[in-house]
Amino acid sequence: MTTATLPLKIGPVEIRNRVFLAPMSGVSDLPFRRRAWEAGAGLVVSEMVASAELCNHHSESRKRMERGDLQTHVVQLAGREAHWMGEAAKIAEAEGADIVDINMGCPAKKVTGGYSGSALMRDLDHALTLIEATVQAVKVPVTLKMRLGWDHNSINAPELARRAVEAGVQMITVHGRTRCQFYTGHADWDAIRAVREVISVPLVANGDVGSAADVQEIMQRSGADAVMIGRAAYGQPWLAGQIADALRGDVNKAAPANLSDYVLAHYHGMLEHYGEKTGVRHARKHLGWYMERHTADVPDTVKKALMTSGNAQEVSTILADIFSGVAPVSGNKSLKDAA
Ligand SMILES: Cc1cc2nc3c(=O)[nH]c(=O)nc-3n(C[C@H](O)[C@H](O)[C@H](O)COP(=O)(O)O)c2cc1C
């Protein structure tokens, strides 16, 4: 038993344990979050939703923030203008968000080029206008996810976290890399502690966590209250729940007993969520990750058929073939983006 298995409160929201699934654009859609939640993740967070697009009725933005039957729903917003952040937060709250999270960590040029995501860490006064607008717009708790800073010469996560909490933010997540590192090197778990020292609201540590031992170590080194897991969950959406089980000393109930049924259910969940045409394409990266993680000897011709077929029935048949009798492998490595 470690603190990672204890419940946590964010405002009025009860969080059942402290091992969370990270928001991942193009990955943590509703079908994936549902899998992670059912396996016992303490919290799951939507893909980032662009605030201006959401306000301008983009159907894709709505889809990214669907709640489905999730018990606790966190919608992450990205943006660069206070007005749109406030308006988008109101929409998210009206659509059932229990928590609104703000993204100040995304390093993608498409996002930072628009002065949102981690680019906001270069101008904290401006970042604060977005935070204040979001906090003032909604009654639900607002949380914030960030990196350590823009680069190693500008580590300002502690200052941003302190100012955000003063403005009313109720939980801070820190990915232990700078924006300029993108995903290179190793996340600096010790550096997150500087944020711990200036805030008393829950702190979530993130970056390169893939096992129960990692969870214990990052919490100990950073002083964080909880942990967020991203890429290590590729091909094993149950990972956060499995780690929470392990830390509780429970028999592992999170990993699927039958991988073939599990992958097929995830696949059909994606087809239902996106519609068949988009779903077939969107599912490919997940199917690639399942294969990479759990199978060793799938012939290239079969892989190719799986990754190129536009026929959902054909793909289902191949999947049943590949995964029947295969036992899930618990791995702690972060797989590369297949997309
Ligand atoms: C494909 C991908 C998409 C991501 N999308 C988001 C996002 O929408 N919002 C966000 O705050 N972070 C996003 N991240 C960052 C992750 O939440 C996390 O901070 C990062 O991957 C480090 O954690 P990890 O080492 O456990 O993967 C994304 C990361 C990846 C790999």
Side-chain angles (χ1 to χ4, degrees), residues 19 21-22 24-41 183-184 186 207-215 229-246 250-274 276-339:
V19 189
L21 176 73
M24 287 182 285
S25 231
V27 180
S28 62
D29 55 11
L30 180 59
F32 195 84
R33 279 179 283 137
R34 201 177 254 148
R35 305 256 117 209
W37 177 260
E38 283 167 2
Y183 292 94
T184 60
H186 197 282
D208 302 331
V209 173
S211 66
D214 288 347
V215 167
I229 297 181
R231 291 162 297 163
Y234 290 176
Q236 48 181 357
W238 59 83
L239 182 65
Q242 184 177 37
I243 290 177
D245 274 356
D250 280 355
V251 180
N252 169 22
K253 299 181 298 285
N258 182 323
L259 190 59
S260 174
D261 287 355
Y262 184 94
V263 173
L264 277 167
H266 187 183
Y267 184 60
H268 290 127
M270 289 185 274
L271 298 180
E272 198 184 306
H273 183 67
Y274 291 106
E276 186 161 327
K277 195 162 164 239
T278 312
V280 165
R281 272 187 284 116
H282 182 90
R284 286 179 186 145
K285 70 179 101 169
H286 293 280
L287 304 183
W289 290 326
Y290 282 121
M291 275 196 293
E292 190 179 341
R293 209 176 269 288
H294 306 288
T295 63
D297 49 5
V298 179
D300 286 347
T301 47
V302 176
K303 273 190 195 160
K304 191 164 172 220
L306 191 73
M307 296 311 235
T308 53
S309 172
N311 180 328
Q313 185 50 51
E314 183 183 34
V315 171
S316 300
T317 308
I318 301 173
L319 286 176
D321 235 35
I322 293 178
F323 290 104
S324 86
V326 172
V329 178
S330 294
N332 64 358
K333 66 173 179 170
S334 294
L335 302 181
K336 291 240 157 36
D337 285 320

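The model shown is predicted, which means the values in this text are computed figures rather than measured ones. The chain is numbered in sequence order, starting from 1.
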Parallel, tilted or perpendicular: ring planes of H286 versus F32, cut at 30 and 60 degrees: tilted
Contact summary for A212 and I243, nearest pair of heavy atoms: CA-CG2, 3.7 Å
Min side-chain heavy-atom separation W238-Q242 under 4.5 Å: yes
Within-4.5 Å side-chain heavy-atom neighbours: S316 and H268: yes
Set of residues satisfying side chain to side chain contact (heavy atoms under 4.5 Å, CB included) with respect to S309, sequence neighbours excluded: N311, E314, V315
A254 to A39 - nearest heavy-atom pair and separation: CB-O, 3.5 Å
D214 vs D208 side-chain heavy atoms within contact, under 4.5 Å: no
D250: partners by side chain to side chain contact (heavy atoms under 4.5 Å, CB included), with sequence neighbours left out: D245, R248, K253
R231 vs Y183 side-chain heavy atoms within contact, under 4.5 Å: yes
Approximate separation, where rounding is to 0.5 Å, of L306 CG and T301 OG1: 11.5 Å
For the student: nearest non-hydrogen atoms of R293 and V329, plus distance: O-CB, 3.7 Å
Least distance between heavy atoms, A233 atom then L239 atom: N-CD2, 4.2 Å
Lys/Arg cation over aromatic Y262: R35, 6.0 Å, 45° cone: yes
Test item: Y290 and P237 side chains (from C-beta on) under 4.5 Å apart, heavy atoms: yes
Gap between atom CG of L30 and atom OH of Y274 - 0.5 Å precision: 8.5 Å
E292 side, atom CD; K285 side, atom NZ - distance, nearest 0.5 Å: 14.5 Å
Exercise: identify the closest heavy-atom pair between T308 and R284: O-NH2, 3.3 Å
Heavy-atom pair of closest approach, residues L21 and M24: CD1-CE, 4.3 Å
Check: H294 and V263 side chains under 4.5 Å, non-hydrogen atoms: no
Any donor-acceptor pair under 3.5 Å from K303 side chain to M291 backbone: no
Approximate separation, where rounding is to 0.5 Å, of S324 OG and D261 CG: 10.0 Å
